[in-house]
2 protein chains.
Amino acid sequence: MNRTASIKDVANHASVAVGTVSNVLNYPDRVSQRTKDRVLKAIDELGFVRNDAARQLRAGHSRTIGLIVLDVGNPFFTSVVRAAEDAAALHGSAVLLGDSGHDAGREANYIDLFQEQRVQGLLISPVGDVTERLDLLRERGVPTVLVDRLADEAKFSSVAVDDDAGGYLAARHLLDTGRRRLAFVGGPTSIRQVADRLQGAQRAVKEEADATLEVLESEGQTVLAGRSVGNMLVERGRENLPDGIFCANDLLALGVMQSLTMTHTYRIPDDVALIGYDDIDFAVSAVVPLSSIRQPTEALGRTAIELLAEEVESQNPTHRAVVFTPELVVRQSTGTSSAG
Amino acid sequence: MNRTASIKDVANHASVAVGTVSNVLNYPDRVSQRTKDRVLKAIDELGFVRNDAARQLRAGHSRTIGLIVLDVGNPFFTSVVRAAEDAAALHGSAVLLGDSGHDAGREANYIDLFQEQRVQGLLISPVGDVTERLDLLRERGVPTVLVDRLADEAKFSSVAVDDDAGGYLAARHLLDTGRRRLAFVGGPTSIRQVADRLQGAQRAVKEEADATLEVLESEGQTVLAGRSVGNMLVERGRENLPDGIFCANDLLALGVMQSLTMTHTYRIPDDVALIGYDDIDFAVSAVVPLSSIRQPTEALGRTAIELLAEEVESQNPTHRAVVFTPELVVRQSTGTSSAG
DNA sequence: TCGTACCAATGAAACGATTCAAACTTTGGC
DNA sequence: GCCAAAGTTTGAATCGTTTCATTGGTACGA
C-alpha cells in the first residue's frame, strides 16, 4: 500500500458519491442503513483514516484545544491536564499539550504553533507578564482562558485557586487545634502565591486575641530550604519554638520535618504541629504523614474547558473569573497532641 | 476584524501573486529584497498567520511528531519529553504530547488522533502489549519508535535503558565499598524492570566469592512499601541486618531509609549502605542524600527523535535498537563508613 | 393518475496553502 | 542594440475534506 486511502477511494470502492461517505462519517442519520454498511465496509477494507487537515480546512475550525502549562512535571499541572483532557473529550475535542517550562521563548513557540494549527481555543498558565501577546491572541479571535492566574475580566476568562483562603484554612486549623504561637515558612514573598497564603494566615491569626504569627522567610520552596529553616528553629531551643508551623508548600514542610525529627529533639505533632500546602504524593508517605491544603485541580481543569467552550460557542465576549477554594486535608502532623 | 487573513489577502495587500507570498515564507532566497519587504510588511499589517491545515494538506506531510507516554507526572518521562521537544525543534518539528496514563483506551484515542493529524511519526511508550495496533501503524506507513521498550528489530526502532547493567552497577558499587551481605528490595518481579535490575545485581554478586544477595520482595514500588520492608528489617535485629541494600527504585529506598533512621537504631551508611534507582529529585534532599542510578533520559529522548528522523527520511525500513547504559550517582547513603 | 412530501444520494464548489511550468525582467557580453 | 542566461514573478492546478443545492426515487392521499 503506497498512499493512504482518501474519501474518494472509499467512495469508488463502495460505489457511492464522496458526499455520501462524508455523511456516513459526520451525519450517520442522513444515510440509509444499507449504504452505511457498504461504506463502513469499504472504510475498513481500505484502512481509511480521515485527514484532519482537509477536514479542518474546509470546516474552518479544528477539534483541538491548546493547553500550555508551566511545568508538566509539577503534580498540580499534571492533574489539571488530566482533568482538562477528560472534559475536552466529552466535548469531542482533543487537547494538545505544551510545556513552557517557565520559559517565555518556549511559550511563544507553542502559542505560534497552536495558532497555525487553528486550535479552537487556548488554555494557558502564562509565564510572567504576557499581556501583550495575549492581547494579540484576543484580537486574532482565539478564545483564551487563563489557568491559575486571575485576569482582567474585561478581557479574559480565568480559573484560579484562592490562596488567601488556603492560607486562612491552614492557620485556622492550627488555631482550632489549640496552637497559639504560629510560624509561617515561605519565600520569597514576592511570589504572589506565597504572599497570598501568608496574608490568609495573618487574617486567621487576627481572629484570636492571644495568637501570634511569626514569618520565617525561606530561600526558595525546596526541601533543602525547609531544612535550613528547621535547623535554625532547632538551634533556637525549646522555649522559642512555635507550637504550629504553616509552610507555603509541602516541600518546605518536609524539609522542616526532617530537621525537627532527625535530631529527635522534638516530636510532631506533640511539640509542634506542621501543615504544608499542595498535598503532593509525598505528603501522605512522610515519616509523620503531613497535613496539607489540597487544591481542586480536577475542578480547575474541567472548568477551564467549560469556560472555553462558552467562549467558543457564544459570539459576544462575556468573560468570567472562577475562583476555587482549596480544601484542608488533616493527617497526623497536626493531630491533637496524642502523646498526652 | 472578522476572519483571519489568508495568503490571498496578503498577496492583494502587497500587490503580488499568491505564489510569491508562499515563496517569501518557504524559499526567501528566491524572492528579491524589495518584494520580500513589501510582503513581510503586509503580513505584519494584516496579522497573517499561516494556516497549517492548508499547508499540510497540500504538502502532504505535517511538521508534528506524536509522543505518547505512560505518565507525564513521572519525572523519567518528563525528562524524556523535554529532550524530545528540544531535539525535534532542531529538525523544525513540534511535538504533540499525549499521556496515556497506563490506559489502553486513552492510548488508542491518541493513536487515532495522531493518525488523523498525519503526524510525521510516532514515539510511544506503549501500554502493555499493543503489537497488533502497532503493526497496523506500520502498515499504514506511520514511522514509529518505541521508547523504553525493546522491539523486534525487524519491525521497529527502539530506545531503551539497560536495566540489567543498572542493577549490576548498583550492586558492584556496594561491593566495591566493602559490603558483602547485600539485599535487593523490589517487587513484584513480574515487572520486567524489576526482574532485570535484580538479575544485574545477582551477576555482580556472583563475582565475589564471599558475597551474598538476599531478595526482599516488596508490595509495589512506593515509599510505604519500602517502609514496611524497612520495619521488617529493624525487627530482625542487628545481627541479621544486611550491610548493603539495593532498592529497585528511589521511592522504596526512601521508605527503607525512613524506617531505619526513624527509630535511630541504625545509621546510614555506617551500619548499612543504601542505594536506589532513578535518581528522582527527592534523592538529593533525603535525610541522608541517597545514592542512585541515573537513567540517561535526555539521551533517550534525543535519540528517539533521531531514529524517527532516520525512518522518515530514508525509504527502506532499516530499524535500530539503541540501548543506553545508566550511570551511578554516589551520595552520602553509600559513603565509605565515615563515623569510623 | 397526478401532485406533494419526504428521504437518499449526488457531485461541484470551496477552504488556504504549495508547486511548478511559463512568462516576464534584468544583466552582461559582444 | 541584440541575445542568451540568470533571476523574479505569476497564477492555475492540486491536496482531501465538507457543504449544499439539486436530482432521483418512493409513498401516500386526493
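In this text the structure is predicted, and so the values were computed from the model without any measurement.
Rounded to a whole Å, the CG atom of Leu46(B) is 15 Å from the C1' atom of dG16(C). Taking atom CD of Gln33(B) as the reference point, atom P of dG7(D) lies 16 Å away to the nearest angstrom. Rounded to whole angstrom, the span from the CZ atom of Arg34(A) across to the P atom of dG25(D) amounts to 14 Å. One interatomic measurement links the two molecules: CG of Asp29(B) to P of dT8(D), which rounds to 10 Å at whole-angstrom precision. In this structure, CD of Gln117(B) is placed 14 Å from P of dT17(D), rounded to the nearest angstrom.
Looking only at distances, no side-chain donor or acceptor of Ser79(A) sits under 3.5 Å from a matching main-chain atom of Pro75(A). No donor-acceptor pair closer than 3.5 Å links the side chain of Ser158(A) to the backbone N or O of Val145(A).
In this model, the phosphate group of dA9(C) is approached by a side-chain N or O of Ser32(A) to a distance below 4.0 Å at OP1 or OP2. For Thr20(A) and dT10(C), the shortest distance from a side-chain N or O to OP1 or OP2 is below 4.0 Å.
In this structure, Leu57(B) and Lys36(B) both approach DNA chain D, and ranking their closest nucleotides by distance from the 5' end singles out Lys36(B).
The overall bend of the helix from dT1(C)-dA30(D) to dC30(C)-dG1(D), read as the angle between its terminal helix axes built from five base pairs each, is 50° when rounded to 10 degrees.
Pairs of residues two or more places apart, or lying in two chains, that qualify as salt bridge (Lys or Arg N to Asp or Glu O under 4.0 Å) and include a residue from residues 63-79 of chain B are Glu116(A)-Arg63(B), Asp52(B)-Arg63(B). Within the structure, ring pair (Phe, Tyr, Trp, His ring centres under 6.0 Å) pairs that include any residue of residues 80-133 of chain B comprise Tyr110(B)-Phe114(B) (at least two apart or interchain).
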Quick one: which protein N/O atoms are closer than 3.5 Å to N/O atoms of nucleotides 17-27 of chain C? Pair and distance per line, please.
residue : atom : partner  : partner atom : Å
dA17(C) : OP1  : Asn51(B) : N            : 3.3
dA17(C) : OP2  : Ile7(B)  : N            : 2.2
dT18(C) : OP1  : Asn26(B) : OD1          : 3.4
dT18(C) : OP1  : Asn26(B) : ND2          : 2.9
dT18(C) : OP1  : Arg50(B) : NE           : 3.4
dT18(C) : OP2  : Ser22(B) : OG           : 2.8
dT18(C) : OP2  : Asn26(B) : ND2          : 3.2
dT18(C) : O2   : Arg58(B) : NH1          : 3.4
dT19(C) : OP2  : Tyr27(B) : OH           : 3.1

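Electrostatic pairing of Arg302(A) and Glu306(A) does not count as a salt bridge here, judged by no charged N lying under 4.0 Å from a carboxylate O. The existence of a salt bridge linking Arg294(B) and Asp278(B) is excluded, since no basic side-chain nitrogen approaches an acidic carboxylate oxygen closer than 4.0 Å.
In terms of heavy atoms, Val72(B) sits closest to Leu97(B) at CG1-CD2, 3.9 Å.
In terms of the side-chain hydrogen bond (donor to acceptor under 3.5 Å, both in side chains) criterion, residue partners of Asp86(A) (sequence neighbours excluded) are, by chain and number, Arg106(B). Remark: Arg30(A) pairs with no residue by the side-chain hydrogen bond (donor to acceptor under 3.5 Å, both in side chains) rule, at least two apart or across chains.
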